[in-house]
Amino acid sequence: MKPDWPLVTERLVLRPYADSDLDDLHRIQSDEEVARYLYNEPRTRDEAHQLLQRKIAGAQLAAEGEWMSAAVVARATGQLVGDLALHWVSEPHKTGENGFSFDPAHHGRGYATEAARAFLRVAFEDFGFHRVIGRAEARNAASARVLEKLGMRREAHLVENEWVKGEWQSELVYAMLDREWR
């Protein structure tokens, strides 16, 4: 399953990653604010390079368990402002999971919602998913707001369900069905 790249929205271009994205991806992935609610610590340049290679290889979904990534670029400036991902969670259950991280310098502009909406369209309309979930660390109010703006419903608040970065963390789970998308 592969989108008809690039995906163009009102203010953004979503496209496959390229080697030239290393500096921007490292800038985003090395930021402590970005890594705060993720499983990883801020990434070194070498770690960002390894991540970039996985993202370059992930321009499509071929099998359950894979992640597809998109570089999110502001149309006005051409600058990479965020990262979008779609995980093929289950083939028999036609389930996907969306994920996103954005440069803090561009927070509050609605870019995450605009980009994630484009990936939801691909998941439901092009790939035929029945259900797409979104997960966020419970203290990550900004990500929860994005999921809610997308029209996803909160289905669960899992209390201290994971040991991450030396502490018990809680998780919010959101979801949308294909009929709700329509």
Side-chain angles (χ1 to χ4, degrees), residues 7 9-14 17 21 24-44 47-48 51 55 58 67-77 79-89 95-124 129-181:
L7 305 175
T9 68
E10 181 182 341
R11 301 175 297 156
L12 304 169
V13 174
L14 285 61
Y17 273 91
D21 294 321
D24 288 331
L25 183 64
H26 177 245
R27 184 187 73 252
I28 294 168
Q29 291 287 318
S30 65
D31 190 289
E32 287 187 24
E33 184 179 340
V34 171
R36 181 176 179 194
Y37 298 121
L38 300 177
Y39 292 109
N40 56 277
E41 296 292 343
R43 296 183 197 270
T44 65
E47 291 167 337
L51 177 64
K55 289 185 175 298
W67 285 89
M68 181 177 74
S69 296
V72 180
V73 177
R75 288 176 66 181
T77 64
Q79 183 180 18
L80 191 146
V81 297
D83 172 59
L84 202 57
L86 180 64
H87 180 212
W88 190 355
V89 175
T95 300
E97 175 184 353
N98 64 7
F100 45 84
S101 57
F102 278 75
D103 184 339
H106 298 279
H107 283 181
R109 298 180 188 183
Y111 286 166
T113 305
E114 186 174 330
R117 186 170 285 117
F119 252 24
L120 280 176
R121 186 200 59 73
V122 167
F124 289 123
F129 284 136
H130 169 68
R131 176 181 170 86
V132 175
I133 65 168
R135 300 180 306 137
E137 207 286 344
R139 296 172 290 187
N140 190 345
S143 287
R145 273 193 309 276
V146 169
L147 296 169
E148 290 165 2
K149 286 179 186 177
L150 291 168
M152 300 179 88
R153 96 186 134 290
R154 188 166 120 180
E155 292 190 331
H157 182 166
L158 307 174
V159 178
E160 295 185 6
N161 66 314
E162 294 182 310
W163 181 258
V164 180
K165 298 180 181 176
E167 67 176 346
W168 287 107
Q169 291 190 9
S170 299
E171 180 178 34
L172 301 176
V173 179
Y174 288 80
M176 177 182 280
L177 300 176
D178 53 357
R179 67 178 173 264
E180 295 168 322
W181 171 256

query = What's the spacing between Arg121 CZ and Arg117 CZ if we round to 0.5 Å?
reply = 12.5 Å
query = Once you round to the nearest 0.5 Å, how far does NE2 of His130 lie from OG1 of Thr95?
reply = 7.0 Å
message = As a quick check of understanding, evaluate side-chain contact (heavy atoms from CB on, under 4.5 Å) for Glu41 and Lys165, giving each step before the final call.
response = CA-CA 8 Å; Glu41 296 292 343; Lys165 298 180 181 176; 3.6 Å; yes
key: Salt bridge Glu167-Arg139, side-chain N to carboxylate O under 4.0 Å   = yes
note = Taking every heavy atom of Val132 against every heavy atom of Met152, the minimum-distance pair comes out as O-CE, 3.2 Å
task = Calculate, to the nearest 0.5 Å, the distance between atoms CH2 and CH2 belonging to Trp67 and Trp88 respectively.
result = 14.5 Å
task = Only one of Leu12, Leu7, Val72, Asn98 passes side chain to side chain contact (heavy atoms under 4.5 Å, CB included) with Leu84; say which it is.
result = Val72
request  = Search all heavy atoms of Tyr174 against all heavy atoms of Ala144 and return the closest pair with its distance.
outcome  = OH-CB, 3.6 Å
inquiry  = Let's go through Arg43 and Leu51 carefully: what are the C-alpha distance in whole Å and the side-chain angles of both, what is the deciding distance for side-chain contact (heavy atoms from CB on, under 4.5 Å) to 0.1 Å, and is it a yes or a no?
reply    = CA-CA 9 Å; Arg43 296 183 197 270; Leu51 177 64; 3.4 Å; yes
request  = Please report the C-alpha distance between Glu114 and Thr9 in whole Å, then the side-chain angles of each, then the deciding distance to 0.1 Å, and finally whether the side-chain hydrogen bond (donor to acceptor under 3.5 Å, both in side chains) criterion is met.
outcome  = CA-CA 7 Å; Glu114 186 174 330; Thr9 68; 2.5 Å; yes
task = Report the relative orientation of the aromatic rings in Trp163 and Trp168; use parallel for angles under 30°, tilted for 30 to 60°, perpendicular for over 60°.
result = perpendicular
query = For Phe119 and Ala85, which heavy atoms make the closest approach, and how far apart are they?
reply = CE2-C, 3.9 Å
query = Sub-3.5 Å donor-acceptor pair from the side chain of Ser170 to the main-chain atoms of Glu160, do we have one?
reply = yes
query = Would Arg131 and Asp178 satisfy side-chain contact (heavy atoms from CB on, under 4.5 Å), going step by step from the backbone distance to the final call?
reply = CA-CA 6 Å; Arg131 176 181 170 86; Asp178 53 357; over 6 Å; no
request  = Indicate the atoms forming the closest heavy-atom contact of Gln29 with Asn40, along with that distance.
outcome  = OE1-ND2, 4.1 Å
note = Taken in chain and number order and not counting sequence neighbours, the residues that satisfy salt bridge (charged side-chain N to carboxylate O under 4.0 Å, His left out) with Arg27 are Asp24, Asp103
ask   = Crowded around Glu155 CD? As in, over 12 foreign heavy atoms under 6.0 Å?
value = yes
query = Where is the tightest heavy-atom contact between Val173 and Arg135, given as atom of each residue plus distance?
reply = CG2-CG, 4.4 Å
task = Considering only NZ, NE, NH1 and NH2 on the basic side and carboxylate oxygens on the acidic side, decide whether Lys55 and Asp83 come within less than 4.0 Å.
result = yes
message = What I want to find out is whether Glu10 reaches Arg75 closely enough, with some N-O distance under 4.0 Å, to be called a salt bridge.
response = no
ask   = After noting the C-alpha distance and the side-chain angles of Glu162 and Tyr39, does the key distance pass the side-chain hydrogen bond (donor to acceptor under 3.5 Å, both in side chains) rule?
value = CA-CA 10 Å; Glu162 294 182 310; Tyr39 292 109; 2.8 Å; yes
message = If I compare all heavy atoms of Leu25 with all of Tyr17, which pair ends up nearest, and what's the gap?
response = CD1-OH, 3.9 Å
